[in-house]
2 protein chains.
Amino acid sequence: MKGQALIGGDPAVLRRLNLEAVLRALRGREPMTTSQISKASSLSRQTVDQVLDDLARLGWVEEVAPGKSIGRPARRYRFRADAGHVLGIDVGTHSVLLILADLDGKLIETRRAVLDGEPTREERLTTIRDAAAGLLAVHPASRLRALCVGVPGIVDGAGRVRLSTPLPEWNGLDLAAEASGWFGCPAFAENDANLAALAEHWRGAAQGTDDFIQLLTGHRTGAALVLGGRLHRGRTGAAGEIAGLAILGWDGSDLADLRGEADTAQVFAAAADGDPAAVERVDRFARTYAQGTAAMVLTVNPDLVVISGGISVAGEILADPMRRYLGRLCLDAPEVRASELGVETVALGAVRLALDHVDRHLFDFRSAPESQPVDRAGAEPAAAPSAPSDERPLNQDVFELRRAATA
Amino acid sequence: MKGQALIGGDPAVLRRLNLEAVLRALRGREPMTTSQISKASSLSRQTVDQVLDDLARLGWVEEVAPGKSIGRPARRYRFRADAGHVLGIDVGTHSVLLILADLDGKLIETRRAVLDGEPTREERLTTIRDAAAGLLAVHPASRLRALCVGVPGIVDGAGRVRLSTPLPEWNGLDLAAEASGWFGCPAFAENDANLAALAEHWRGAAQGTDDFIQLLTGHRTGAALVLGGRLHRGRTGAAGEIAGLAILGWDGSDLADLRGEADTAQVFAAAADGDPAAVERVDRFARTYAQGTAAMVLTVNPDLVVISGGISVAGEILADPMRRYLGRLCLDAPEVRASELGVETVALGAVRLALDHVDRHLFDFRSAPESQPVDRAGAEPAAAPSAPSDERPLNQDVFELRRAATA
DNA sequence: CCCCTTAAGCAGGAACCCTTCATAAGGGTT
DNA sequence: AACCCTTATGAAGGGTTCCTGCTTAAGGGG
C-alpha cells in the first residue's frame, strides 16, 4: 500500500538493526555500561560489545571514564552528540537568526544577521549563506549533517517557496535545492508557523501532545497543525489558512484592532489592571479569534491549542477568554496555552526538523527512500574514524571498515 | 520518541522479515514462481524456496499448477486469501448489514438483518451476533481473523460508543470489548462516516488520494478525515463535527430544506431538468454546504472532497456548484467528487478496517504492541497445518513447526 | 531422439547471534 | 598485605540464517 520496500534481509540487515537498537538506547541518555545496554536492548552482552566497537570506530559513540561501583569497573559509552551538527535558520524580513546545535539538540551557538533595504533574491541568499559559513567556521571540527530554513509564507513539500508576502523576491525559489548546495548536506525549507509548532512540540507548551493546533498571530494570522505527532502540511502546504474564510472574521476589524505590535502589549497590560475598555477590547478580540479557531478545532478535534507569535505576550489575559469562548463553541473544547518560547522559536523548530531528518536516516533500517532532498554529498572526507560519513547506510560503513581492517 | 521497541534481532527476526517480504510480494497478485518472487524481493531463490516451504506448511500460501513456459516448468505459489476471513458490520437504526470477505478483500457473502421497534441494548447485540454466527456457519472451514462494527455516532479510540443519537441505548457501551467475545477474534468499533471514508479510499472516489475529506449527509451531516493515508479521529473521535459551529449554517434551514430523503431526489431530478426553482434550491444548499466545507478545507488543505450519504444521489448536480463555491472560498480548492459506492459503503469500510488489522499484524515484524483490542483468543485450535493461528508472530509459528518436525 | 532453456536440489562458505566458561579488575574485609 | 566478593571482559563452541556455485531434473522445439 505504501512505498514500503519489499527487500528482505541479508544477515547484514540484522547487524544494521542492532546498530540502531544500541544507538537508540544510548541516545539522549547518560552514558551506559555494556550490560545496561544489553538489558535495555535485549541483545546479548557479547553482541552489544561488538556493535559498540563498530559504532566507536565509526565515531558515533565514545568510551568515557568508568563510574564508581562495586566489582570490576564497567566500561561506559556515550552517544557522541558532537559527531554532527545541524543548523536551524529563521529568515525574517530584516534579519536572520541562525542556531547551531549538536545531535542531542543542545544549542551550540546563536548568530543574528541583518538585512537592510530591499535585497534581491541573490543578496538575501548570499547574506544567509555567509552568516552560516561564519558560524560553522568557529567550529571547524564539526560536520554539518542537515540544515533547515524557515520562511514566512507557503512552502511546498519539496521545499520550494510558493508564496511569501514578506519576502516577495523569493516567490518561486527552490530554496531547499539552493541551500543543499551550500555545505554539501541535506537542506530543507519549511513554513515558519510549522516550525514554531515543531518547537512547541519539542520543548514548549505542546510537549507530550501529539494532536494540537498552533496559532501564530503577529501582523497576520496563520496556523499550523500537528496531527498524530507529525506536521500536517496539506496538499500545497496551505493547511491552517483559515483566515481565507471571510465569514469567520479573521480579516475583520476586531482582529486588526489588536495586531499593531506597539499598541497590543499596552492593551493587554491595561486589561490585566482591570481597565474596562481594555478588557472589552480583549474580549471582543478573543471572541472573533475563538470563532476561527473553533472551525479548526471542530475539524480536527485536537488536544490543545497553542497561542504564539507577537500576540503571545498576552499570556493568560488572552488564553482565559479563549477558553471560555471555545468552551461555548465546541462540543469538546481542547486545552489552551500561550507559548512561552521566545524569539528563537522558529529557528529552534528548524533545528528540530533537521534533527528529525538525521534521526530518520539513522534509525530507519530500510534504505529509507522517503522524501530525501537534493543531495549533493560532495567529496567523501576520506572516512576518518572520527568523522562518520553521513548519507550512507550504517551497515555499508561497517562493511568498508571491516575491509580496511582485514587488508 | 514513539513507542518503538528497542529490541534488536535474533537471526529469527531476519527470518520473520523475509517471511513478510515474500508474503507481501505475493499478496493481491497473480500466482508467482519462485524466481519471480526472488527478483521482486531481492532475496536469493534458495531462501525464497525455504520461506515458501514454511509459509505453505503454515497455510499462508499454496502451490498451484505450473503455467506454460519454455524450459522446466516452475512451481507457482499463490497467497491463500481463504486462509482467513474478516467481517464488516454496518449497524443502522432498523437494520444491520454484514459482509464476509476473504483476506484479499473479495466479498464472500452479504447478509441483512432487521430490527423492529425499539430494541434494548442486549437485544440489538444479540440480533447482530446471531446474524453473524449464521453467516459464519455457512462457511465452516474459514477462520475469522477480525471483525469491525460501524456505528452512527461518536466512537472513541478504544471502541467505546461515546454518543449515538440514532442508537441511544448503546451510549456508553464498550462495543469492541463486547464483540471481541463473540468469536474469539479481535474486534473493533468505529464511527460510520470514518468507515465510509476508508471504503472510498479503498475502492471508491478517493483511490490513490491520501488526504481527503469525506462528507456524509443524510438526516444530519458529519465528516471524516483521511490525512496522510490514515484516518484522523481526533481526541475523542469527534473530528469533522463542524456542524457545531452555528455561524457556518450547517444546522440552518438551507440544509434542512434538502435533507428529507424522500423529497431530495425529486428536487435534484427537477434541477437536472432545468426547473428554475429547483436549481435555485440546490444552489442555495450548495452555498451553505460549501461554507462549512470550506472551513475544513482551509484547515487541512486536502486533495479531494467526497460527497456521500443520502445526498450523493445528486452526483454532478450538487458537485458542480460545490466546486464553484469552494473555488471562490478557498485559495486552493480541492477536487470534488460524489460517491458512487452504494448502500454497502459503511460495511465495506468495516471490512477494510478489519483487513488493516490483519495486515498490520502480518507485516509488522516488531511485536507490534500498538493498539491491540481486547483479545480473548480462546482455545488454540491444535495448529492444524491448514489453519494458521492468528494472534502470534509468524516466527513463533515457524519455530513450533520446526520443533514438531524434528521430534 | 537430441538439444536448448529454465527450474530445482545439494553442498560449501560466510555473517551473525547466543551460551558457557575461564579470566581480569576493582573494592571491602580480615 | 592477602583474601574474598562482585562484576566485567574475553575466547570458544554451537546454531541459525543467508548467499553462491555446481549438478541434476523436466519440459518444448527442431
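Reminder, nothing fancy here: chain letters follow the sequence lines and each chain counts from 1. Quick caveat: nothing in here was measured; it's all calculated off a predicted structure.
Among A:Leu87, A:Asp102, A:Val86, the one residue that satisfies the side-chain contact (heavy atoms from CB on, under 4.5 Å) test with A:Val351 is A:Val86.
For B:Ser44, counting side-chain heavy atoms from C-beta on, the closest listed nucleotide (D:dC18, D:dT9, D:dC19) is D:dC19.
Side-chain contact between A:Leu136 and A:His85 is absent, with no heavy-atom pair separated by less than 4.5 Å. Side-chain contact between A:Arg45 and A:Ile37 is absent, with no heavy atoms from C-beta onward closer than 4.5 Å. Side-chain contact check for B:Val22 versus B:Trp60: every heavy-atom pair is 4.5 Å or farther apart.
The CD-P distance, from B:Gln46 to C:dT6, rounds to 19 Å in whole Å. One atom, CD1 of B:Ile37, and another, C1' of C:dA8, lie 14 Å apart when rounded to the nearest Å. When rounded to the nearest whole Å, the span between CZ of B:Arg75 and C1' of D:dA25 equals 13 Å. In this structure, B:Gln50 places its CD atom 10 Å from P of D:dC19, rounding to the nearest Å. A:Tyr77 has its OH atom 11 Å from the C1' atom of D:dA8, to the nearest Å. Whole-Å rounding puts the B:Leu14 CG to D:dG15 C1' distance at 14 Å. What separates CZ of A:Arg16 from C1' of D:dT17 is a distance of 19 Å, to the nearest Å. Rounded to whole Å, the distance from CD on B:Gln36 to C1' on C:dA7 is 12 Å.
Other residues, nucleotides and ligands contribute more than 12 heavy atoms inside 6.0 Å of the CD atom of B:Gln207.
B:Thr33 comes within 4.0 angstrom of no nucleic acid atom, judged by non-hydrogen atoms across all strands.
Here B:Asn18 does not reach the OP1 or OP2 of D:dT17: none of its side-chain N or O atoms lies under 4.0 Å away. Distances shorter than 4.0 Å separate none of the side-chain N or O atoms of A:Ser35 from OP1 or OP2 on D:dT7. Between A:Thr47 and C:dC16 there is no side-chain N or O to OP1 or OP2 distance below 4.0 Å.
Base pairing analysis places C:dT30 opposite D:dA1; the two distances defining the Watson-Crick or G-U wobble pair are each below 3.5 Å.
Residues satisfying the side-chain contact (heavy atoms from CB on, under 4.5 Å) criterion with A:Val61, sequence neighbours excluded, are A:Leu23, A:Leu26, A:Leu52, A:Leu55, A:Ala56, A:Tyr77.
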message: I need a per-nucleotide contact map over nucleotides 23-30 of chain C, read 5' to 3'. Cutoff is protein heavy atoms under 4.0 Å; write B for the base, S for backbone only, - otherwise.
response: -BBBS---
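Between A:Pro11 and A:Arg45, the one whose closest nucleotide on DNA chain C sits nearer the 5' end is A:Pro11.
Ionic pairing of A:Arg16 and A:Asp54 is not present here: no N-O contact between side-chain nitrogen and carboxylate oxygen is shorter than 4.0 angstrom.
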